[in-house]
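Since we're looking at a predicted model, the values are computed, not measured.
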Amino acid sequence: MPSPTDERTEPPLRADEVTTLRAYLDYHRDTLRLKTAGLTAEQLRTAHAPSTLTLGGLLKHLALVESDWFADVLAGGSVMAPFDTVDWDADRDWEFHTAADDSPDELRALFDAAVADADRRIDAALATPEGLDRLSSRESRRPGEGAFSLRWILVHMIEEYARHNGHADLLREAVDGTTGE
């Protein structure tokens with residue numbers, strides 16, 4: 001596996017807020033791509049006890065998270081296919097459970113499509129006069145909290161990726177011994 005610095009662009013040390021937030025989000029997206037690069041379907045579906053988490057499941061989960069936060073919560077639309085027709089009441093972790101049925105190419109294409117759609121929605125929100133202060137169409141489930149700012153959503157997504165990339169580090173090392181950032 002190539003060194004992570006060969007495939008990722010480090011976030012700038014000095015930049016405006018939007019550039020910094022987007023650079024860190026892209027950095028973490030690329031980290032997940034690196035952690036899953038070059039693996040077979042069998043390797044992407046391999047779990048390591050006691051967890052049932054897999055690298056393929058992480059790819060599919062983060063595609064869902066991208067679509068949920070940017071298409072549904074921010075823009076007020078619906079999540080992308082295949083997530084839009086899932087019976088989430090029947091299986092709350094559907095994306096994790098079904099990733100084993102998807103090929104590596106399907107998982108990567110789904111993830112890349114979700115990221116591209118999210119980026120278009122971020123661009124559209126940033127083009128409004130509110131910019132990072134743009135409020136989401138959907139409000140928080142916490143009583144009295146109201147809508148999310150785009151700034152909050154971007155920071156939350158960075159946190160989501162950082163946590164799951166930690167999982168991906170451990171899973172990748174267990175699959176084939178590859179370590180690195």
Side-chain angles (χ1 to χ4, degrees), residues 1-39 55-81 83-84 95 104-105 107-142 145-173 178-181:
M1 179 172 163
S3 165
T5 56
D6 292 342
E7 300 291 329
R8 296 181 299 189
T9 301
E10 295 283 337
L13 299 179
R14 291 166 302 285
D16 62 85
E17 187 178 12
V18 168
T19 302
T20 301
L21 290 170
R22 297 212 52 194
Y24 266 97
L25 181 57
D26 286 340
Y27 178 83
H28 279 289
R29 288 167 169 168
D30 288 342
T31 297
L32 183 65
R33 287 182 179 107
L34 279 168
K35 293 295 172 185
T36 59
L39 295 178
L55 288 164
L58 286 174
L59 276 170
K60 199 165 187 176
H61 172 69
L62 285 160
L64 169 62
V65 171
E66 291 268 1
S67 187
D68 183 53
W69 277 103
F70 295 111
D72 183 16
V73 176
L74 179 65
S78 61
V79 292
M80 65 188 283
F83 308 117
D84 58 340
E95 75 278 22
D105 288 343
L107 289 167
R108 290 184 185 101
L110 181 66
F111 178 77
D112 288 341
V115 166
D117 184 65
D119 282 342
R120 284 189 295 274
R121 293 173 190 279
I122 294 167
D123 290 342
L126 288 171
T128 68
E130 297 87 2
L132 287 171
D133 293 322
R134 161 84 190 278
L135 295 180
S136 63
S137 295
R138 195 174 90 195
E139 292 190 353
S140 170
R141 292 183 192 126
R142 296 183 297 209
E145 292 283 327
F148 302 91
S149 71
L150 175 58
R151 178 183 291 102
W152 188 97
I153 294 170
L154 288 169
V155 171
H156 173 70
M157 289 298 296
I158 293 165
E159 177 272 332
E160 180 88 9
Y161 273 99
R163 183 166 31 94
H164 287 311
N165 282 335
H167 300 138
D169 279 340
L170 296 172
L171 290 169
R172 181 65 190 246
E173 184 176 6
T178 299
T179 60
E181 285 187 45

From CA spacing to verdict: side chain to side chain contact (heavy atoms under 4.5 Å, CB included), Arg108, Arg33:
CA-CA 8 Å; Arg108 290 184 185 101; Arg33 287 182 179 107; over 6 Å; no
Carefully, step by step, assess Arg22 and Asp119 under the rule side chain to side chain contact (heavy atoms under 4.5 Å, CB included).
CA-CA 9 Å; Arg22 297 212 52 194; Asp119 282 342; 3.5 Å; yes
Test side chain to side chain contact (heavy atoms under 4.5 Å, CB included) applied to Phe111 and Thr36, step by step
CA-CA 11 Å; Phe111 178 77; Thr36 59; over 6 Å; no
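With Lys35 as reference, Asp169 is the one residue of Asp169, Asn165, Asp30, Thr178 to meet the side chain to side chain donor-acceptor pair (under 3.5 Å) rule.
Among residues at least two apart or in separate chains, ring pair (Phe, Tyr, Trp, His ring centres under 6.0 Å) pairs with a member in residues 55-81 are His61-Phe96, His61-His164, Trp69-Phe148, Trp69-Trp152, Trp69-His156.
Taking the side chain as every heavy atom from C-beta outward, Tyr161 and Leu32 approach each other to under 4.5 Å. A heavy-atom distance below 4.5 Å is found between the side chains of Met80 and Leu110. Between Met157 and Tyr24 there is no side-chain heavy-atom pair separated by less than 4.5 Å.
Rounding to the nearest 0.5 Å gives a distance of 8.0 Å between CG of Leu74 and CD1 of Ile122. From Arg8, atom CZ reaches atom CG of Leu34 across 6.0 Å, with rounding to the nearest 0.5 Å. Of the inter-residue distances, the one linking Asp133 atom CG with Leu126 atom CG reads 10.5 Å to the nearest 0.5 angstrom. Here the OG1-CG distance, from Thr20 to Leu13, works out to 9.5 Å after rounding to the nearest 0.5 Å. With rounding to the nearest 0.5 angstrom, the CG atom of Leu58 is 10.5 Å from the CG atom of Leu107. Separation of atoms CG (Asp68) and OG (Ser78) is listed at 10.5 Å; rounding is to 0.5 Å.
Between the side chain of Arg151 and the backbone N or O of Gly131, no donor-acceptor pair lies under 3.5 Å. Ser67 contributes no side-chain N or O that, together with a main-chain N or O of Leu64, makes up a donor-acceptor pair within less than 3.5 Å.
Closest approach of Asp72 to Gly77, counting heavy atoms only: OD1-O, 3.2 Å. Closest heavy-atom contact between Ser136 and Val73: CB-O, 3.3 Å. Between Val79 and Asp84, the shortest heavy-atom contact is O-CB, 3.3 Å. Glu66 and Ala118 get closest at one heavy-atom pair: OE1-CB, 3.1 Å. In this structure, Ala114 and Ala63 approach most closely via the heavy-atom pair CB-O, 3.4 Å.
Looking at Asp26 and Arg29, a side-chain N of the basic residue comes within less than 4.0 Å of a carboxylate O on the acidic one, giving a salt bridge.
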